[in-house]
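Read through the structure below, which is laid out as structure tokens, and then see the notes.
What you see below is based on every heavy atom in this structure, not just the backbone, and it leaves out hydrogens, waters and symmetry mates.
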Amino acid sequence: MGSLKGRLSWSITLSLVVLLSLQWLVVSYAINKLSEDQLIKRLQHEGESLLASARLNASNQLEIDAQRLSAIYQRPFSGNYYVVISGQQRLISRSLWDTDMNIGPLAAGEQQLLYSQGPEQQSLLIVAHGYQKQSLPITIAIAENLDPIKASIERFQLIYGAISLLGLILLLAIQRLMIQRALLPLKEMQSDIAKLERGEADQIASKGPDEIAPLITELNHLLHTVQQKSKRSRESLGNLAHALKTKLTLLNQTAERTEIDGLPEIRASIYAVTESLDQIIERELKRARLMGNAKPMQQVDLKTEIAQLTHTMRMIYQTKTVNITWEIAEGTRFHGDGEDLLEILGNLLDNACKWCTRNVSLTVTGNDAPIFVVEDDGPGCPAHELNSLTQRGFRADETVAGSGLGLAIVYDIANSYGANLSFSRSAALGGLRVEVRFSPRTT
């Protein structure tokens, strides 16, 4: 769909360009029309003045009183010309020199408006009118060079165009500021959503304009509802797990009673069933927690969480004296649920500690696209079995205690974040190498 700011800017810019261009055309046409109308009226007045200066001499020939005419008609190719036609007589202005205008006699009251090519390639506007003076028909044509007027109009159009362009630039700058101010609430809303994703807030604080305020209200209500439902779901699941585990403990205690010492097969069967139920409970609780987790994303303190987790692992495997080393690259951040991260790293470290000879390492790199790598110095896993490690219940060695769910749970959590889980042999320690690569955040 594109940027709202870009769409508004382009729409307003196009509207302003069309409007100012249309205004330039209209004003140019109006100026040109007004100038032409004024020139026609002036030429008509010139023709009437010329008619007034015309008289018949003693030989009954028409002559023009030069004293009553402007000197511009005496200067050759001055741009102002006249032609007077009376019968067979044709009088032309001295300014025409040895040229003439293609004008024929007109009846009294008849008028013509002509555009013609004059001397020295001048563009002439000719106003011709038929008169009658002392019963004598007279045709008077007055012409003027349009080139100076056209040049003046072109200069006006150029100046007006430059002013319009400057006005357009100013209007675009003003509309850009207005759009930025109008979209400022949306930028504040974007910032609030980013805080929401980072876990720095649990609601959208900005109100936004009237058109968006209802949407923000509904989003906040939805967030609150989802968080409350998620909280209740987790509490209910915790209570369910506690209740079921309590019943399983009682069942195991029943199997340990002295009354069934003589029934070892029944006791073993009870133990097998309770262990299977315990695994099912753990698996389904993990799945339910993953599916029900809809809390806003949070930025996890990696150093604190990993330090506590590795300390816990050392305590669990203290009889094995596991050496766990870890390193976090500067600037690496994980945005997500802290429990999910602990579940991933806890299962990976637990698997590594279980299979290692002595050494386990955890490396975290990648800035906003974190990469977690867990390696151990154990026997590793055959290449043909690497793809089976995430299958539920798969155990590379049935003699080693375990449920076969740890890496499957890691896969589920990583998949819910769109992360990539891969297995290989560790080049540094020689055992299994597990890499969880998260995608870059696009906020």
If you compare all heavy atoms of [X] against all heavy atoms of [Y], which two are closest, and at what distance to 0.1 Å?
X    : Y    : value
S164 : L20  : O-CD1, 3.7 Å
E63  : L91  : CA-CD1, 4.2 Å
I140 : I142 : CG2-CD1, 4.0 Å
A419 : V436 : CB-CG1, 4.2 Å
Y81  : P119 : OH-CG, 3.6 Å
S426 : E375 : OG-OE2, 2.7 Å

Approximate separation, where rounding is to 0.5 Å, of [X] [atom1] and [Y] [atom2]:
X    : Y    : atom1 : atom2 : answer
R75  : S70  : CZ    : OG    : 8.5 Å
C381 : L432 : SG    : CG    : 6.5 Å
R94  : S78  : CZ    : OG    : 11.5 Å
L171 : T13  : CG    : OG1   : 10.0 Å
R7   : S11  : CZ    : OG    : 7.0 Å
D376 : S361 : CG    : OG    : 8.5 Å

Find out whether [X] and [Y] are in side-chain contact, i.e. whether some heavy atom of one side chain is under 4.5 Å from a heavy atom of the other.
X    : Y    : answer
D37  : K33  : yes
I153 : E36  : no
Y82  : I64  : yes
S116 : M101 : no
I126 : Q112 : no
D350 : M313 : yes
S28  : L25  : no
L302 : L341 : yes

Sidechain-backbone polar pair: [X] side chain, [Y] backbone, donor-acceptor under 3.5 Å:
X    : Y    : answer
E120 : F77  : no
S53  : L50  : yes
R90  : Q88  : no
K133 : L51  : yes
S95  : N80  : yes
D377 : N359 : yes

_Going by salt bridge (charged side-chain N to carboxylate O under 4.0 Å, His left out), name the residues that satisfy it together with E435, two or more places apart in sequence or in a different chain._
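Salt bridge (charged side-chain N to carboxylate O under 4.0 Å, His left out) list for E435, sorted by chain: R433, R437.
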
*Could you tell me which residues satisfy side chain to side chain donor-acceptor pair (under 3.5 Å) with Y29, sequence neighbours excluded, listed by chain and number?*
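Expected list: none.
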
*asked:* When you compare the side chains of E343 and N347, does any donor N or O come within less than 3.5 Å of an acceptor on the partner?
replied: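 Looking only at side-chain atoms, N347 and E343 do form a donor-acceptor pair, the distance falling under 3.5 Å.
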
*Do we see a donor-acceptor contact under 3.5 Å between the side chains of Q117 and Q121?*
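The criterion, which ignores hydrogens and geometry beyond distance, is satisfied for Q121 and Q117.
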
_Determine whether L113 and V127 satisfy the following criterion, side chain to side chain contact (heavy atoms under 4.5 Å, CB included), listing intermediate values before the conclusion._
CA-CA 5 Å; L113 181 66; V127 177; 3.8 Å; yes

*Can L309 and W326 be said to form a side chain to side chain contact (heavy atoms under 4.5 Å, CB included), step by step?*
CA-CA 11 Å; L309 182 60; W326 55 275; over 6 Å; no

*Take atom CZ of R176 as the centre, draw a 6.0 Å sphere, and report whether it contains more than 12 heavy atoms from other residues, nucleotides or ligands.*
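No.
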
*Decide if atom CD of E327 counts as having more than 12 heavy atoms of other residues, nucleotides or ligands within a radius under 6.0 Å.*
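Not buried by this count: 12 neighbours or fewer within 6.0 Å.
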
*Show your reasoning for whether side chain to side chain contact (heavy atoms under 4.5 Å, CB included) applies to L125 and Y115.*
CA-CA 5 Å; L125 173 62; Y115 295 90; 3.5 Å; yes

*T310 vs V360, side chain to side chain contact (heavy atoms under 4.5 Å, CB included): CA-CA, chis, key distance, verdict*: CA-CA 10 Å; T310 53; V360 173; over 6 Å; no

*Check the angle between the aromatic planes of F334 and F438 and answer parallel, tilted or perpendicular using the 30° and 60° thresholds.*
perpendicular

